[in-house]
2 protein chains.
Amino acid sequence: MKLTTRGRYAVTAMLDLALNGKQGPVSLAAISQRQEISLSYLEQLFAKLRKNELVASVRGPGGGYRLSRDSEQINVADIISAVNESTDSTSCQGKGDCQNGEACLTHQLWDDLSQQIHVFLSGISLANLTQRREVKVVSERQTRGGLEDAGMYSETLINAKALNL
Amino acid sequence: MKLTTRGRYAVTAMLDLALNGKQGPVSLAAISQRQEISLSYLEQLFAKLRKNELVASVRGPGGGYRLSRDSEQINVADIISAVNESTDSTSCQGKGDCQNGEACLTHQLWDDLSQQIHVFLSGISLANLTQRREVKVVSERQTRGGLEDAGMYSETLINAKALNL
DNA sequence: TAAATACCCGAGTATTTTAGTCGGATAAAG
DNA sequence: CTTTATCCGACTAAAATACTCGGGTATTTA
């Protein structure tokens, strides 16, 4: 589980899709303008998102991309993994040497942590993020001052718990 | 909150320190050998860890590094932030333009997510990771078959909950 | 005090990743 | 048949990563 600006671009684009794709497909050109990401780069990202069946494409005029399933059913870990698909696994996960050595122990500890992060991100869906924001916008209007991050954050925790975390 | 192999190196080295530093300081040379990380690279990472007061150094023969406080008091987010200190913040968090635009909305959503990840990793200490492993090793001996990851994982969740997540 | 150990530090560098360009091909709509 | 838009591969500038090199300096031990 790697977390770089590349994944951020992908999540951002998918969030844009979730927000703007309610009435028909959204073109990459539109996302490119709104999110200030180069069109060609988006094309590359969406090629991977499509291979991983997170989005579906509609070609021709009026076409674009739409989420391949409900935003509740697409989580952040899915998106990040999709665009990062690469040649990783540098740890000694099966090497003959390094049997129960200290190195292997720490590598396993890292793998565990990595898995925890993955599970955590699996529990956060696109819908989850957009709903959270809507809740915040509403409550900001109500309180006329804006919530502090502490407040928003406890909201997050509640959601996380509801999602089995 | 960025999560790359750089952070992995740092966490790995700190885990090595937590595991091997119980009787006196640990030299970078030792960590370098055990974890297969170049000495000079470790020096660079530890310079940052030291600046952030996560480790303390002891110079001269028999010297090395030790954790600056108990492993319970050092969390993964601390470590990763320490070695990543760099020129980030590419989002539009204060630009005059982009006021309440769609771009800004998705950028904020990303920031929220980023913060959630940070808080999550703040809840995982070095002690937490090493203890988890010890528990696993023991229970593996008891069951004589090894736990599946599902089992380990639910353990993780319990820890996470205990830590306010 | 001399030698060895090990941290400290900055400059340089090969490799990889990131983010993007370019030029085209294919599919659908009007 | 032209426009819109996805598809696709190759190529590239810039940045980050991981590492080397060549010196220091503090501390211990002989």
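Order of the sequence lines fixes the chain letters, A, B, ..., with proteins taken first and strands second; residue numbering starts at 1 for each chain. Computed over heavy atoms, backbone and side chain alike; hydrogens, waters and symmetry mates excluded.
- Within the 4.5 Å cutoff, the side chain of Leu121(B) has no heavy atoms near those of the Ile79(B) side chain.
- Spacing between atom CG of Leu3(A) and atom C1' of dT17(C) amounts to 15 Å, rounded to whole angstrom units.
- With contacts defined as side-chain heavy-atom distances shorter than 4.5 Å, the pair Lys48(A)/Asn84(A) does not qualify.
- Separating the CD1 atom of Ile31(A) from the P atom of dG20(C) is a distance of 15 Å, rounded to the nearest angstrom.
- Nucleotide dA6(C) holds its C1' atom 14 Å from the CD atom of Gln33(B), rounded to whole Å.
- Paired with Leu126(B) under the rule side chain to side chain contact (heavy atoms under 4.5 Å, CB included), one option of Asp70(B), Ile74(B), Asp78(B) passes, and it is Ile74(B).
- In this structure, Arg8(B) atom CZ and dT17(C) atom P are separated by 13 Å, rounded to whole Å.
- The CD1-P distance, from Ile37(B) to dT17(D), rounds to 15 Å in whole Å.
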task: Take Met1(B) and Ile80(B) through the test side-chain contact (heavy atoms from CB on, under 4.5 Å) and record every step on the way to the result.
output: CA-CA 8 Å; Met1(B) 189 87 263; Ile80(B) 292 174; 3.3 Å; yes
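- Remark: the Thr106(A) side chain and the Gln35(B) side chain contain an N/O donor-acceptor pair separated by less than 3.5 Å.
- Distance NZ (Lys2(A)) to C1' (dT17(C)): 7 Å, rounded to an integer number of Å.
- Placement of Val58(A) and Val26(A) in two distinct hydrophobic clusters is found when ILVMFWY residues are connected by side-chain heavy-atom separations under 4.5 Å, directly or transitively.
- OP1 or OP2 of dT17(C) has not a single side-chain nitrogen or oxygen of Thr4(A) nearer than 4.0 Å.
- Between Ser57(B) and Tyr9(A), it is Ser57(B) whose nearest contact on DNA chain C lies nearer the 5' terminus.
- Regarding Leu28(A), its CG atom lies at a distance of 13 Å from the P atom of dC8(D), rounded to whole Å.
- Put simply, CZ on Arg6(A) is 10 Å from P on dT17(C), counting in whole angstrom units.
- Between Tyr41(B) and Arg6(B) the shortest side-chain heavy-atom distance falls below 4.5 Å.
- Considering only heavy atoms from C-beta on, Val55(A) comes within 4.5 Å of Met14(A) through its side chain.
- Considering only heavy atoms from C-beta on, Leu129(B) comes within 4.5 Å of Gln116(A) through its side chain.
- Within residues 38-50 of chain B, the residues having any heavy atom under 4.0 Å from DNA chain D are, by residue number, Ser38(B), Ser40(B), Tyr41(B), Gln44(B).
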Enumerate the protein-to-nucleotides 26-30 of chain C contacts in which both atoms are nitrogen or oxygen and the separation is below 3.5 Å.
residue: dT26(C); atom: O2; partner: Arg59(A); partner atom: NH2; Å: 2.3
residue: dA27(C); atom: O4'; partner: Arg59(A); partner atom: NE; Å: 3.4

